[in-house]
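Comments concern the structure below.
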Amino acid sequence: MQEALLQLATPTGLMLILFGTTLGVFVGAIPGLTGTMLIALTLPLTFGVDPQYAMTLLISIYVGAISGGMISATLLRMPGTPASIVTTFDGYPMAQNGQPERALGLGIMASVTGGLISWCFLLTLAQPIARYSKEFGPFDYFSLVMMALVLIATIGGKSILRSLLSGFLGILLAMPGIAVATGETRLTFGLTELNDGFQLLPVLIGMFAVNQILRDIIDSAKPQLTPPIATQGLALKISDIKNHGLNLIRSSLIGTWIGILPGIGANIGSVTAYSVARSTSRNPEKFGTGCEEGIVAAEAANNATIGGALIPLVAMGIPGSVVEAVLLGALVIHGFQPGPRLFEQSPELVYTIIFTCLFANLAMAGIMCCSIRTLAWLTKIPRAFLLPIILTFCVVGSFAMSNRMFDVWVMIGFGLLGLFLETKKIPLAPFVIGFVLGPIAEENLSAGLMGSGGDWTPIFTEPKSLAFLVIAVLLLVIPIYRSRQRDRRSQS
Amino acid sequence: MRVPSNQFVFQGIIFLVLLLITAWRLISAISTDQPTQFPQKPIQIVVPYLAGGGTDTFARILQKSLNREGSLGEEFVVTNKDGGSATIGSRQVKDAPPDGYQLLCHHEGIIATQLAGVVDYGPEAFRPIAQTGSIVLLMVVRADSEYRNLNDLLQAAQKNPNSIRVGANQGSPAYFICKQLLGEYPGADFNFISAGGAKRYTYLLGGKLEAGIFSLAEYVSFRNSNDTPATDNILAIGNFGDKRHPTIPEVATSTEQNLKTRAENAYYIWAPKDTPDHIADILARTFQDTLQSPEVNQELKKLSIDPTFRSGEDLRKHLAVRVEAFQRLSVDAKTELPNFPLWIIGIVATLLITVLVFDSKISVASETPAPSNKLHLKQASILGATCLAILIAYVAALQFKIPFGIATPLSIFLMGLSISKAKRKQLLILGIIGLGFSLTLEIVFTQLFSVALP
């Protein structure tokens, strides 16, 4: 542990953390460029570097990118990274209401808190918690995913029906390609490019960035709505910490816990924390209109998933999210064998990873506070300059992930689909979550059914699976029950 | 006549400089396009899996050493094209021009995907360049399992068919090994459960699987030290290789256990089918040299991959044997899975109808534009459509191989032009942004990240 700290405290170590976090924040702030992509692209650059420094750089980028996404989410309503989709729900309205500094300030505070709380878990609980998640069976995963899908239907948008429609549409569009369980291709309509299905990155870029840019272009005839960033800092008060304390801690815990579960990343963490915050809030109707609690919940949780997701990565060699999968690859390339023995064989590396997570979170806070005006500059340049550049980024980003033009067409297609759905008042967030979770649900359900010989009852008899379903039902019922009660009260 | 302002002159100079650089880059790209001797440009090694997977790691170890020695005078670049059970990447190389600049690094999954019906081509659609390493495969159980050897496991599968849950994706090499094993015990059958890599390991420890097939590298990385409780550890009960492996000398081979099933997996380098002999020879020799270098040997040892090398006729024979071994077995799905796509289409349709019938109020109630805004709205829609058209034209231009350096500045310029309503003041700045941005992107991606652009 000391060795790791000593190496990080050298000028090179600190420089790398600072550089990685800054790079991550800026790239994360640009819609269309995600942390996953940046890390995947940086990985080849680290081949010649000392493995500990390499991991330091990659993890700093990771922390920076997840945090930077909130800037464009708040100011432009374009989530810079998928993890900040939920931040658009309240961050953007709040910025439009003339409080962009406060929205960003709250976001930064929440991000740091989330990062630090999850880091404590990473440090202390890495091994015991990973041991527990090891016992999850396929049905448990399936129910967990179902819970997340129900959760998403209860947030965003005014109509649960429309949200559900959107969610299932997302699942449907995730279906083409090769079925996880049987290895057969389906719904490809003879297009060999579709053998791989629609890739997440072009779908996300299309749905959120291209859709939004087209919308902005249409709106650009009107006067610009960009909220100016005033000079007076971040508009935070000490009392904010007190007011949001409970929400901060709860959201961070949710984020950490969800991060630990393999395959489910920051997106779901922030969605879950957001909807829990909403269903336990005294004013749930304010969510989605620029509510402070919403920003805090989303940002605390998405940063907390980083620490959470690193737990199974260092303790068991199992990636907790897409980015972690790339990090896992980095470990292998640098000659380490990720797995339960990493702790014994290369403790210095494990502690480098753990402490980088801490320092990068602190660096992120500093960088964001100092450069928020530079970053907000993105929103101040005339649209005529900014929008074409972002569109070019979208094209290049969609292409570069797997080097094919097909993905670029997919991006344009989904951009138009997103535009269409939004004009029909169908929210996009459930679509994306369905798109991400559908395959996970199917894979686990298939594996479960294969194991049980086609029997569905284990979904209800396995204790963990049952627990998730019960939570899902409760989270669906409580908001409805509450709004009924409120209606009755307002009538009497 | 108005005297142009300083700012205008300044912007003009920048614009001209950028224009010159772009033109120079384009011309130099065209003029160097006269191949004489192989290789003239970097060689791409396509890995049909994600960065960080086993195949990727292997390819990158080779790449590192190939580039360090630099015997060909050109770089090797690893490109990941994952997905579709590795068929996205393999199809790309199959259809690539047979000039030796695109190679595929893939293992015997290439045989399995054909037999499983995922694609209609197998090794015969390629020119095999070299076998560059072999992987030992093991049957693994939880350390406290009652099955201590392969025969225990198969007897149980014979007594109670389908009671033994084994983690293997249908059509994967692991699946074919199991089928081979089952063939030796008439009536025996496993219950196959889809679970890849790390998941197979967790399921095994969690008691969700009785056994699974792991590569030696996976086994070595997943196995805990001997003093961990048996419920938290795994144990190999059979080695499908020719002889015991020095890393795990205690594990008996299948032959020693009186079974005929033998299996291994190996990494091969494939080129498009019509690659000429002289290029194939150069490549094979290069890979052979690299495989013999001490650095590569050391790295491969860490991953428990044996640096076996085969090429030419020897390799063809070996592949024929391997294909035949796979062909004797057949793939069959056992548990009838629900037709998921049909279900989801049904649910979406139901929801759509419900929304249309019961919930259509929201869209009707949505704000109808005030008459004064109508003209404005029309203009805005035209603008949106124009930009969309430019975007589509841009992507189409890239698709038809119009150089990135021309298409990008042009599309940025045109789009900016239509958004800014062709304000003269902004024309030059737009030109600068277009050229500057496309140059920066090109340099960052191709030089710094060594990623190809459209």
Side-chain angles (χ1 to χ4, degrees), chain A residues 40-41 43-44 134-135 137 159 161-162 164-165 168-169 171-172 175 178 180-183 186-187 192 195-196 214 217-218 220-221 317-318 326 328-329 332-333 335 337 339-341 383-385 387-389 391-392 395-396 399-400 402-403 405 408 424-425 442 446-447 449-451 453-454, chain B residues 51-52 57 60 79 81 83-85 87-88 91 116 118 165 169-171 193-195 198 202 205-206 208 221-222 224 302 333 335-337 340-341 344 347-348 351-352 354-355 359 362-363 376 379-380 383-384 387-388 391 395 399 408 412 415-416 419-420 426 433 437 441 449 451-452 454:
Chain A
L41 293 175
L43 183 55
K134 204 156 73 169
E135 286 168 14
S159 143
L161 261 182
R162 273 161 206 252
L164 278 178
L165 174 65
F168 277 97
L169 205 59
I171 299 181
L172 180 63
M175 292 230 141
I178 288 183
V180 243
T182 57
R186 60 181 181 199
L187 297 181
T192 49
N195 276 1
D196 197 19
L214 289 177
I217 289 175
I218 293 172
S220 69
I318 291 175
V326 184
L328 189 72
V332 177
I333 287 171
Q337 305 227 320
R341 295 172 75 198
R383 291 285 153 116
F385 302 156
L387 296 180
I389 287 188
L391 267 183
T392 313
V395 171
V396 172
F399 176 83
S402 43
N403 296 311
M405 283 311 282
V408 183
K424 296 289 171 211
K425 301 268 185 287
E442 188 190 338
S446 305
L449 287 176
M450 284 175 175
Chain B
T57 312
R60 284 180 197 276
T79 333
K81 287 261 171 121
S85 295
T87 60
I88 303 286
R91 188 184 294 274
V118 179
R165 292 166 298 176
N169 292 332
Q170 258 158 34
I193 294 179
S194 304
T202 27
L205 287 190
K208 308 281 191 282
S221 79
F222 289 144
N224 287 315
K302 272 196 236 160
T335 305
E336 272 296 308
L337 287 175
F340 292 117
I344 300 294
I347 295 176
V348 168
L351 280 170
L352 190 64
T354 327
V355 168
D359 209 22
I362 302 180
S363 62
H376 182 84
Q379 275 181 343
L383 177 61
C387 288
L388 185 65
L391 176 67
V395 178
Q399 175 101 58
T408 308
I412 292 180
M415 237 183 271
I419 298 175
S420 69
Q426 295 182 341
I433 288 178
F437 186 68
L441 265 187
F449 290 146
V451 167

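Lettering of chains follows the sequences in order, A, B, ..., and the numbering in each one begins at 1. The figures that follow rest on heavy atoms only: side chains count, while hydrogens, waters and symmetry mates do not.
Both the backbone and the side chain of B/Ile412 come within less than 4.5 Å of a heavy atom in chain A. Of the atoms belonging to B/Leu352, heavy atoms from both backbone and side chain fall under 4.5 Å from chain A. Using a 4.5 Å cut-off between heavy atoms, B/Phe437 contacts chain A through its side chain alone, with no backbone atom that close.
For the set A/Leu214, A/Leu164, A/Thr392, the entry with the most heavy-atom pairs within less than 4.5 Å of chain B is A/Thr392.
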Candidate pair A/Val395 and B/Leu391, rule side-chain contact (heavy atoms from CB on, under 4.5 Å), full reasoning: CA-CA 9 Å; A/Val395 171; B/Leu391 176 67; 3.9 Å; yes
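A donor-acceptor pair under 3.5 Å is absent between the side-chain atoms of B/Arg165 and the main chain of B/Ile193, judged by distance alone.
Between the CE atom of B/Met415 and the CD1 atom of A/Ile217 there is a distance of 6.5 Å, given to the nearest 0.5 Å.
For the residue pair A/Val408 and A/Phe399, the shortest heavy atom distance occurs at CG2-CB, 3.9 Å.
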